[in-house]
Structures are given as C-alpha cells and as structure tokens.
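What you see below is based on every heavy atom in this structure, not just the backbone, and it leaves out hydrogens, waters and symmetry mates.
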Number of protein chains: 2
Amino acid sequence: MTTITQVAKRAGVSTKTVSRVMSNYPHISSKTRLKVEEAIQELTFAPVSVARHLRLTEPLSIGMLYGDPSSGYQARLNHAVLKACSDARRYLAVELFDEAGTDWVRQVEMFLDRTHVRKMILVPPLCDSTEVHQLLDDRGVSYVLISPSRAVLGSVAITMDDRLASKEITEHLLALGHRRIGHISGHPDHVVTLLRRQGFEEAMARAGLANPAHMFVESGRFQFRESLVSAEKLLSAPRLPTAIFAANDEMASAVVMAANRQGLRVPDDLSVAGFDDSPIASAMWPDLTTVSQPFEAIGRSAIETLADTSGGPGGASQMIVLPHRLIMRASTGPARTDLS
Amino acid sequence: MTTITQVAKRAGVSTKTVSRVMSNYPHISSKTRLKVEEAIQELTFAPVSVARHLRLTEPLSIGMLYGDPSSGYQARLNHAVLKACSDARRYLAVELFDEAGTDWVRQVEMFLDRTHVRKMILVPPLCDSTEVHQLLDDRGVSYVLISPSRAVLGSVAITMDDRLASKEITEHLLALGHRRIGHISGHPDHVVTLLRRQGFEEAMARAGLANPAHMFVESGRFQFRESLVSAEKLLSAPRLPTAIFAANDEMASAVVMAANRQGLRVPDDLSVAGFDDSPIASAMWPDLTTVSQPFEAIGRSAIETLADTSGGPGGASQMIVLPHRLIMRASTGPARTDLS
DNA sequence: TTGTATGCGTTATCAG
DNA sequence: CTGATAACGCATACAA
C-alpha cells in the first residue's frame with residue numbers, strides 16, 4: 001500500500017505538497033509538480049478515499065437508498081447513477097432500505113450517520129416523503145429528487161415529461177393513419193398513470209377523436225396479466241381498434257400476445273406501442289415501438305446538480321425535465337385502409 | 001453529529017468501551033453494557049463508517065466490480081449481495097468497470113487502492129480473468145468467484161448446478177407424459193449453454209429417448225429473436241414436439257409466441273419451460289415453468305465466505321453449489337394423449 | 001511557493 | 001473487565 005508519505009519522501013517534498021498536487025492546487029512550481037507526479041506514477045499512488053472523507057469538508061460521496069429490488073426501473077437508474085459517479089470521480093454509497101418498515105426517517109438518519117454523506121439522491125418512493133425532506137433540510141444535507149410525484153419547494157427535481165411523451169407516441173400512431181386507438185393505462189396509484197393517459201387523450205382530442213367511437217381506455221395496472229384481460233376486452237369489441245398504446249412495455253407485450261391469440265398480426269392488423277424501453281421491448285418480436293426514458297441523462301444531471309450545490313439546501317426550486325426519445329420499431333405500422 | 005466521545009462521556013466510560021459495545025465484544029459487564037447502550041440510544045449514535053475503516057485491521061467493506069449494465073442477472077445479483085451485506089452489517093463498495101477496456105487488472109488495482117477493500121466478489125466475466133486472480137493473490141486480497149467458467153485452484157467458487165437443474169426440468173416434462181421434446185440452447189460461448197444442454201440430453205437418454213425421433217435441439221443464442229426462428233423450425237416439423245425446454249426465459253417466451261402464431265395453445269398443445277425465473281417468466285401468460293437461480297443464497301454465501309476468511313487467500317479450493325428451485329407454473333401440462 | 005503540526009472519529013495496543 | 005494513548009492516511013491552519 002502506497003501512502004502519501006511515501007510519495008512525499010520519494011519526491012523529496014512534504015505530504016502537504018503531494019496533497020496539493022492531488023487536488024490541483026494552482027500555486028505550485030511546475031518543477032515540484034513534475035517531481036511529485038513522477039513519484040505518484042512510480043509508486044502507483046491512489047489516495048485512500050476513506051481517509052480523505054474523514055478529513056474533507058466537502059465529501060466526495062453521494063448517498064442513495066432504494067427499496068424495490070425487483071424493479072427494472074431501479075436497476076437501470078442505479079447503473080446510470082453509478083456511471084455518472086464514475087465519470088465525475090465521485091463515490092456512491094448505496095444501500096437498501098426497508099420500504100415496508102415504517103420508520104423511513106430513522107433509516108435515512110442512520111444511513112447519514114454511518115456514511116457521512118451530505119448529498120443524497122432520492123428516488124421513488126423515498127423522494128415523496130415530506131418527513132425525509134424535513135430531516136435532510138434540518139441536517140443541511142442537499143438532495144435531488146428523481147421523478148417525484150410532485151415538486152417540492154426549495155429543491156431540485158429531475159424528471160421527464162411523461163405527458164408529452166405519451167402525446168407524441170399517440171401522434172405517431174395518428175400519423176400512421178390510425179383512427180380507432182386503445183389505451184391501456186397503469187396502476188391508479190402511480191402519478192405517471194394519469195400523465196400518460198392525459199397525453200394520450202390530449203392527442204386524441206386534438207385529432208377530434210376523443211369520443212367513444214374512436215378512443216378506448218382500459219386499466220392494466222402496469223401488469224402483464226391485467227393487461228392481457230384488458231387487451232382481450234378491447235379486441236373483442238364490435239369495432240376493433242387498429243392500434244393500442246399501453247402505458248408500459250410489459251403491458252404492451254401482453255397486447256401482442258392477446259392479438260396473436262385472436263389471430264391478429266402485429267403490426268399488420270394491429271399496431272402496438274409501449275412505454276419505458278425496458279429490456280422486454282427489444283427482446284420480443286415484433287420489437288416494440290416505445291419511449292426511452294433518459295436514464296443516463298438523469299443520472300448525470302443528478303450528480304452534476306449535487307456537485308454544484310456549493311451551499312446547503314434551501315436553494316431555489318427547480319424542475320429539470322430531460323428529453324425522452326421515441327423509439328420506432330416493428331410493432332407499429334400504417335393502418336390498414338380496408339379497415340379504417 | 002454524535003461521536004463516540006460524547007457517548008463515552010454520557011455513559012461515564014472510555015471510548016474504547018463504547019467501541020467494544022458497538023462491536024459486540026463478549027467480555028464486558030452487563031451493567032456497563034447497559035449504561036452504554038442507553039447512552040447510544042439517547043444520543044442516537046451511529047459510528048461513522050469511514051473512520052472505522054481507517055483504523056480497522058479487518059475491513060468491513062467488500063468490493064464488487066461489474067460491467068454489463070443491461071444484464072438482469074447482474075441486477076438481481078447486486079440486490080442479493082447488497083441484502084446480504086446489510087444483514088451481515090458489512091458495506092459494499094460497488095463500482096462499474098469498463099468491460100471493453102483491456103486493462104482489467106489496472107482497473108481492479110485502482111479500485112483496490114481507492115476503496116481499501118481487501119475482500120472482493122468476482123462476478124462474470126471478471127471471475128474468469130487469471131490476471132486478476134494473480135493481482136489479488138499478490139496483494140493478499142481474498143475473493144470469491146460467482147459462477148466462474150471453471151474452478152480456480154486455491155479459491156472459493158459459488159455456483160449452482162445448471163446441468164442437474166436442466167435434467168430435472170426435463171424429467172418433469174417426461175413425467176407429464178411428454179415424449180417428443182425440443183431444446184433451444186443458449187449462446188455457444190457461455191459455459192452454461194453446454195451444461196444445460198447436457199442436462200437435457202442426459203434426462204432424455206435415461207428415458208431412452210435420445211434419438212432424432214424424440215429429441216430435437218436448436219440454438220437460440222439466449223436471444224428472443226433467434227429463439228423465435230428456432231421455435232418456428234421445431235414447430236413446422238412433420239411430427240411436432242409436445243414440449244420445448246428453452247435454456248432461458250427470454251427464449252421460452254419466444255417459444256410461446258411462436259406457438260400462438262401457429263395456433264397452438266400453451267400448455268394444451270405445447271408445454272414450454274424456461275430457465276432463470278427472470279421477471280418475464282411471471283409477467284407473461286401462461287407464466288413459465290422455470291428454474292429459479294438461488295440469488296439470495298449466492299449473495300449470502302459470498303458474504304459469509306468472505307467474512308470467515310480469517311487469513312488471506314491461498315486456502316483450499318472449494319466449490320459451493322447452491323440448490324436451485326424448480327418453479328412449476330402454467331406453461332407446462334400433461335401431454336395430450338391423442339398426439340403422443 | 002513550501003513545510004510543520006494538528007486533528008478528523010475510530011479502533012489497536014498494552015497496561016492496569 | 002476497563003482505560004489511556006497512539007495510530008490509521010490524509011487535509012488544513014498556520015508559519016516560514
């Protein structure tokens with residue numbers, strides 16, 4: 001193990017000077033800097049992060065707690081945040097918390113004490129806990145909210161525009177000539193359920209199709225099986241929709257399965273669109289037209305925001321809306337004119 | 001921020017005694033312990049982990065590096081390891097590494113220096129790098145291998161028995177009366193591909209069905225689309241198989257889709273089994289009969305193994321094989337007698 | 001521009 | 001069973 005002392009000895013300078021070089025202190029003679037850098041190279045010195053953290057006023061670690069294990073959403077977010085940390089030379093202290101346990105505040109509190117982090121990323125559902133916000137404010141810990149249900153005064157939220165994305169994907173279907181379109185919506189408890197449905201309805205309304213003859217909505221609760229039932233209902237109506245937009249990919253894949261069962265071909269007889277660009281979307285055939293959540297950008301933006309926060313919290317409220325991406329794939333196609 | 005000194009003062013003991021209580025040191029009078037515990041409660045003291053790490057001879061942190069972001073496998077393993085750490089009061093230092101970068105050793109080296117960890121969990125593909133093993137041995141870092149391609153002399157590997165599981169799932173199909181069974185195998189570069197295929201073939205051989213009239217094998221490369229093609233090939237043969245076992249769930253779901261397209265009902269006309277118990281297995285309908293990898297056990301076992309390693313590496317080679325679980329769901333059923 | 005001395009919060013050593 | 005003191009590796013006043 002190489003320590004700063006050894007480097008100092010090797011370079012013939014004091015530890016402080018080595019420290020200065022490591023942290024890019026400007027006022028340092030280029031000769032000294034060179035010597036030190038050489039020594040660092042030769043001894044392959046890397047500062048031990050725990051020791052820095054103990055002394056540092058502005059810690060380099062950022063904390064994140066998450067609950068739901070099975071969530072593909074969380075897995076992808078984790079990865080994006082980890083990547084962003086790596087790029088920004090920060091460290092992520094990530095731990096699980098017990099979502100079922102009622103004492104969220106206590107759990108966060110202990111996490112803060114243990115890890116010493118003074119910056120946190122709050123993901124759903126933790127980002128919606130007023131008590132947790134209070135705790136962090138009291139402790140002077142700055143934080144960003146990822147996709148919170150509602151904006152929180154004095155803090156930064158990072159999210160995407162679900163309503164707009166849904167509107168756009170519906171407009172895409174309309175542009176393909178579809179006039180009778182179904183929507184399978186998510187779980188009523190999730191905020192995005194409403195937003196995605198609103199986007200759909202808004203697009204239909206603009207096209208003058210917001211009426212029972214053209215617009216059909218069923219609930220799928222974000223689940224495959226519920227969606228299968230809903231899709232079968234939509235596909236057994238006297239006049240079939242020619243396209244169905246489901247509020248997530250899992251439900252969209254159920255729609256494809258329901259269609260196949262009825263002998264309908266996707267996209268020839270029925271266009272199907274999803275949301276999320278989850279792994280399943282590209283794993284199935286036809287692969288799904290869907291919306292890609294900007295995970296990478298969200299991660300990067302979260303780290304940047306936290307890195308910038310020079311002072312504590314209590315800054316201006318801010319809502320950073322990151323651009324999503326529509327992904328056109330094989331599950332959507334032009335409406336059949338003979339049916340329209 | 002509460003420190004150990006404050007707790008000590010409050011309890012009227014030395015800091016060392018508080019430290020002893022925190023780490024469950026056995027030889028301590030119950031009266032003293034009680035006093036200290038009270039003080040800890042009252043001041044809500046939580047030891048700062050970085051400070052402990054700086055002093056501790058046996059670090060409580062365990063390192064893990066992983067590459068592939070999109071992998072559902074890795075996401076579930078991450079979670080299991082994190083859970084195990086939490087239960088064992090250990091901390092996980094997890095970072096991404098650049099799988100595409102050639103200098104794996106250098107990356108591991110820097111990670112070691114930064115984090116100070118002296119125990120590591122090596123997951124695929126890092127667990128198969130001889131150079132990395134060498135580095136860790138040289139540095140006296142102990143490590144466990146998760147599902148390595150081959151055993152490594154002098155180190156502990158944790159894995160499951162893919163061959164046995166495949167054999168069992170095939171036997172399950174045989175027990176249901178199926179005689180003509182297809183197998184869709186994985187990517188030829190993965191070790192498990194061979195193992196899972198062997199298990200299948202072994203079961204068929206035992207049943208006296210290892211011949212072209214009863215046993216069909218196609219490659220699916222672990223991908224949905226490849227599997228779809230393979231399944232269509234199997235389902236367009238003159239004599240159809242009555243069951244298909246795919247080497248992962250993604251491919252199995254492709255089989256279900258192919259069957260639906262041909263107007264075959266699952267499981268009435270065709271039984272389908274998968275492998276992995278990935279989210280998709282329970283998200284589809286019929287939900288998949290599959291094999292559940294023992295993620296939780298793997299995580300726990302890895303942490304326990306590392307926690308036990310009193311000395312450095314160089315212990316005896318050991319292969320810990322954890323029991324998997326067969327999950328019977330709706331995608332498999334009795335063979336139709338009129339077809340058999 | 002550089003060096004010295006001190007302390008971050010905790011545990012290890014060694015003595016009581 | 002308990003306590004005083006040094007030390008972990010690094011960064012920061014303060015001094016030079």
Examine [N]: is either OP1 or OP2 under 4.0 Å from a nitrogen or oxygen in the side chain of [X]? Give yes or no.
X       : N      : result
B/Thr5  : C/dG9  : no
A/Arg52 : D/dA11 : yes
B/Thr17 : D/dG3  : yes
B/Ser29 : D/dT2  : yes

D/dG9 base to B/Arg55 side chain: any donor-acceptor pair below 3.5 Å? no
Go through the N and O atoms of the side chain of B/Lys16 and the base of D/dA4, and report whether any donor-acceptor pair is under 3.5 Å. no
Over how many whole Å does the gap from [X] atom [atom1] to [N] atom [atom2] extend?
X       : N      : atom1 : atom2 : value
B/Gln6  : C/dT10 : CD    : C1'   : 14 Å
A/His53 : D/dA11 : NE2   : C1'   : 13 Å
B/Leu54 : C/dT10 : CG    : P     : 12 Å
A/Lys9  : C/dT4  : NZ    : P     : 12 Å
A/Tyr25 : D/dA13 : OH    : P     : 11 Å
A/Arg20 : C/dT2  : CZ    : C1'   : 6 Å
A/Ile28 : D/dT12 : CD1   : C1'   : 15 Å
B/Ile40 : C/dT10 : CD1   : P     : 11 Å

Name the closest nucleotide to the A/Ile4 side chain, picking from C/dT11, D/dA11, C/dT10. D/dA11
With respect to the side chain of A/His27, which nucleotide from C/dT1, D/dA11, C/dT4 is positioned closest? C/dT1
With a non-hydrogen cut-off below 4.0 angstrom, is [X] in contact with a base, only sugar-phosphate, or nothing?
X       : value
A/Val13 : sugar-phosphate
A/Ser23 : nothing
B/Val50 : nothing

Closest approach of A/Ile4 and A/Ser19, non-hydrogen atoms and distance? CD1-N, 3.8 Å
Testing the basics here: between B/Met160 and B/Pro294, what is the closest heavy-atom pair and its distance to 0.1 Å? SD-CD, 3.9 Å
Take A/Gly12 and B/Pro47, find for each the nucleotide of DNA chain C with the closest heavy atom, and name the residue whose nucleotide sits nearer the 5' end. A/Gly12
Under a 4.0 Å N-O cut-off, is there an ion pair linking A/Glu42 with A/Arg10? yes
I'd like to know if the side chain of A/Thr305 reaches the main chain of A/Ser301, judged simply by a donor and an acceptor atom lying under 3.5 Å from each other, with no hydrogens or angles considered. yes
Closest-nucleotide mapping onto DNA chain D: is B/Thr15 or B/Ala51 further toward the 5' terminus? I mean the 5' end. B/Thr15
Could you go through A/Phe295 and A/His79, starting from their C-alpha distance and side-chain angles, then the distance that decides it, and tell me whether this counts as ring pair (Phe, Tyr, Trp, His ring centres under 6.0 Å)? CA-CA 9 Å; A/Phe295 284 106; A/His79 180 259; over 10 Å; no
For A/Lys35, is the NZ atom crowded, meaning more than 12 foreign heavy atoms sit under 6.0 Å from it? yes
